[in-house]
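Reckoned from all heavy atoms, side chains included, excluding hydrogens, waters and symmetry mates.
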Amino acid sequence: MILHQLTNGLFGIILFLTSVSDAAKDEKKGAAKRADQEVMGMGANNEKYLTACPDYKHYAMIAHRPLSKGPLGLPYQRPAPHCRTFGSPLVEEIISEMSERMEDKDLARIFENAFPNTLDTTVRWHNEGTASLIKGTFFDGAWEGPQSFIVTGDINAEWLRDSTNQLAQYQTLAKKDKRIEKLILGAINTQAEYVIESPYCNAFQPPPPSKLSMVSNGQDDNVHPVYEPSQVFECKYELDSLAHFLALGNKFHNVTGSKAYLTTRYYTAIDTILEVLEQQSKPTFDPKTGKYQKNEYTFQRRTSSSTETLSLRGNGNPLGPHTGLARSAFRPSDDATILGFLIPANAQMAVELKRTAAVLGSAGKEALAKKLQERGEAMEKGVWEHGVVSHRKYGPVFAFEVDGYGSSIIMDDANMPSLLGLPTLGFVDKDDKTYQNTRRMILERQGNPYYLEGKTFSGIGGPHVGPTHLWPMSWLVQILTTDDDKEIKKALEDVRDVSKMGLVNEGVNVQRPTDTTRPWFAWANSVFAQAILDVAARKPHLLFGPDAEPYMI
């Protein structure tokens, strides 16, 4: 143990000196000029360096110099160049340009740490498609082409939802940076394999060709359909996971125009999703006979927490017929739903099905495109018909969950997709009346049981980390869904002031902001980067000063 501590301490000193040395070079030459030297993959000996790198989970808990030049003096939390898991000169260029222009140097430091965080720390395995992946071991076409394994951060597993959001800020770079393009294409291909193998699961082990070791989640689960533990980390069925897989490909195509991901395996994944949607659109009781119908997916966990398992022997509460909606057993937070028709997830799936239909139609897959379009339209109709309820104070609002029998859950959770984030999904315009009613409701303590208020900070949390911690991610989604300068400025300041270690945490105690959860959570840092880039384009004066020109990628 003492040797381990001394070793970690020695690495800390080495990395501290490295960061100070790099900072001096930055001031003399500029980060953009050093970009080619700072990205992973430029040297043949990179693997040797990686073996000497500290665990970033521990590295992120220690403040590293140089400190930002703002009043908060926030630390520089990027790993040493040779410890980064992926790199892009274009990303370094954007960091340099944004940091120089941003007036708030503490906010600039968080961007400097957060924007590259996914590339720096979570690309656990990437194959550009040139290496042979044990031919003959897998199904025809499986694991062919580029592949990318993107972990969530402090857990060495890939969530479909998290990884899609972690890569979102790089999508606009894919047309200019071929390495980024290959990385995202690889992520689509890898997710397709996960969806085909276990479409009801949410988090996955390293791909077999990577030869990386699997990890255990330490839980005692009884799940149907059964899954292979060497390939699945956790098997909570979340509708938004499948929607995020579609979103990853749709965004990639929208930016690059590429159809390289439209492989035989991708089409198999699409067929698999349609099968799941068909199964999860069935009511609990047969509409004609009234006979109970056991769900194709059941989940039971040996646990003392009700949010970690499903009621009624793993089936969940009954759902009504003829809604057009699809069940989601769990929320984006990985907490169990109370009423299975989760409205934000259904809204996202409706949008992504229709977007996918447009892409497949242009690729000559008219029949499949028609199926996706029809299913998407049915789900959209279902959200409006069953997901909108009348609130005595706020009027027509979107419910968080419904059951198709008239019952509803009124709340919002900070995790995406959320009711607050409906405009970011493309489901409604942010000026839509029902959305605005809903927004007012979920951003007030009287309207949302998970809108938490402290002495200084207020925001949306959720059951996952309890009734005392808000998620800074909710502030970032506020930024993305408003045009109000005052609201944007306040949200930016709140995120800045609670990010004491220069990174965005999962949760922050509203009474004691120093009490935070997960120092390394790549998803939250990616949403921060997306919010900053959004403000730079829409409201440049809030970042760069009066009369500033927009910053567009």
Side-chain angles (χ1 to χ4, degrees), residues 161 165 168 239-240 243-244 247 250-251 323-326 328 331-333 337 339 341-355 376-402 408-452 458-462 470-471 473-488 490-491 527 530-531 534-535 537-539:
R161 167 188 56 258
N165 285 292
L239 179 63
D240 77 278
H244 274 99
N250 289 335
K251 181 66 174 179
T323 63
L325 302 172
S328 186
R331 299 169 178 172
S333 60
T337 54
L339 304 179
F341 292 140
L342 179 61
I343 294 305
N346 273 271
Q348 183 186 23
M349 180 59 83
V351 170
E352 298 304 338
L353 284 171
K354 292 192 294 181
R355 287 174 175 171
E377 290 175 351
M379 296 183 80
E380 180 181 21
K381 182 180 178 182
V383 169
W384 286 105
E385 289 187 352
H386 298 275
V388 177
V389 299
S390 180
H391 193 285
R392 66 180 184 277
K393 178 179 179 180
Y394 301 99
V397 297
F398 290 105
F400 189 63
E401 295 171 358
V402 299
S408 61
I409 302 293
I410 301 297
M411 60 166 281
D412 200 20
D413 189 296
N415 284 259
M416 290 285 284
S418 62
L419 294 179
L420 182 62
L422 286 177
T424 69
L425 304 176
F427 187 78
V428 292
D429 185 83
K430 60 177 175 286
D431 296 324
D432 177 84
K433 183 177 180 180
T434 303
Y435 171 72
Q436 282 298 319
N437 291 344
T438 307
R439 198 175 196 275
R440 284 193 295 272
M441 176 183 72
I442 60 181
L443 291 176
E444 289 184 4
R445 186 177 181 182
Q446 297 80 5
N448 180 9
Y450 287 99
Y451 186 79
L452 311 178
S458 302
I460 300 174
L470 62 80
W471 290 56
M473 192 184 298
S474 70
W475 290 329
L476 301 172
V477 178
Q478 275 187 254
I479 292 170
L480 293 168
T481 56
T482 185
D483 290 322
D484 187 291
D485 284 11
K486 185 178 179 180
E487 183 178 2
I488 294 173
K490 177 66 165 59
V527 179
Q530 293 158 36
D534 174 73
V535 175
R538 285 194 301 129
K539 303 276 187 176

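The two residues G447 and I410 make their nearest non-hydrogen contact at O-CG2, 3.9 Å. Nearest heavy-atom pair across N415 and S333 is ND2-CB, 3.5 Å. Nearest heavy atoms, L325 versus G382: CD2-C, 3.5 Å. Closest of all the heavy-atom pairs between Y451 and R445 is CD2-N, 3.6 Å. Nearest approach of N448 to M411, heavy atoms of both residues: OD1-CA, 3.5 Å. Closest heavy-atom contact between D413 and G462: OD2-CA, 3.5 Å.
Take K251 and apply the salt bridge (charged side-chain N to carboxylate O under 4.0 Å, His left out) test, not counting sequence neighbours, and it matches no residue. Partners of D483 under the salt bridge (charged side-chain N to carboxylate O under 4.0 Å, His left out) rule, at least two apart in sequence or in another chain, are K430, R538.
Atoms NE2 and CE, from H391 and M441 in turn, are 6.0 Å apart once rounded to the nearest 0.5 Å. Once rounded to the nearest 0.5 Å, the distance linking CD1 of I479 with OG1 of T424 reads 13.0 Å. Here the straight-line distance linking atom CG of D431 with atom OG1 of T481 works out to 11.0 Å at 0.5 Å rounding. Distance check, rounded to the nearest 0.5 Å: CE of M349 to CG of L425 gives 12.0 Å. Between the CZ atom in F341 and the CE atom in M379 there is a gap of 9.5 Å [rounded to 0.5 Å].
In this structure a side-chain-to-backbone donor-acceptor pair under 3.5 Å is missing from S474 to G459. Y435 places a side-chain N or O within 3.5 Å of a backbone atom of L420 that can act as its donor or acceptor partner. Between the side chain of R161 and the main chain of P417, no donor-acceptor pair closer than 3.5 Å is present. A donor-acceptor contact shorter than 3.5 Å links the side chain of N346 to the backbone of A326. No donor-acceptor distance shorter than 3.5 angstrom exists from the side chain of D412 to the backbone of I442, with no hydrogens or angles considered.
Proximity of D432 to L422: side-chain heavy atoms (C-beta onward) are nowhere separated by under 4.5 Å. Put simply, the side chain of E380 reaches to within 4.5 Å of the side chain of F427, judged on heavy atoms. Using a 4.5 Å cut-off on side-chain heavy atoms (C-beta onward), L476 and Q530 make no contact. Side-chain atoms of F400 and L342, non-hydrogen and from C-beta on, do get closer than 4.5 Å to each other. The closest side-chain heavy-atom distance from F398 to W384 is below 4.5 Å. At a threshold of 4.5 Å between non-hydrogen side-chain atoms, the residues L419 and P344 count as touching. Put simply, the side chain of P396 reaches to within 4.5 Å of the side chain of N437, judged on heavy atoms. Side chains of M416 and W471 form no contact here, defined as non-hydrogen atoms less than 4.5 Å apart.
Checking E487 against T482 by side-chain atom types alone, a donor-acceptor pair falls below 3.5 Å.
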query = Taking it one step at a time, do Q348 and H244 satisfy side chain to side chain contact (heavy atoms under 4.5 Å, CB included)?
reply = CA-CA 8 Å; Q348 183 186 23; H244 274 99; 3.3 Å; yes

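Shown are L443, I460, D484, I488; of these, the side chain to side chain contact (heavy atoms under 4.5 Å, CB included) with Q478 is made only by L443.
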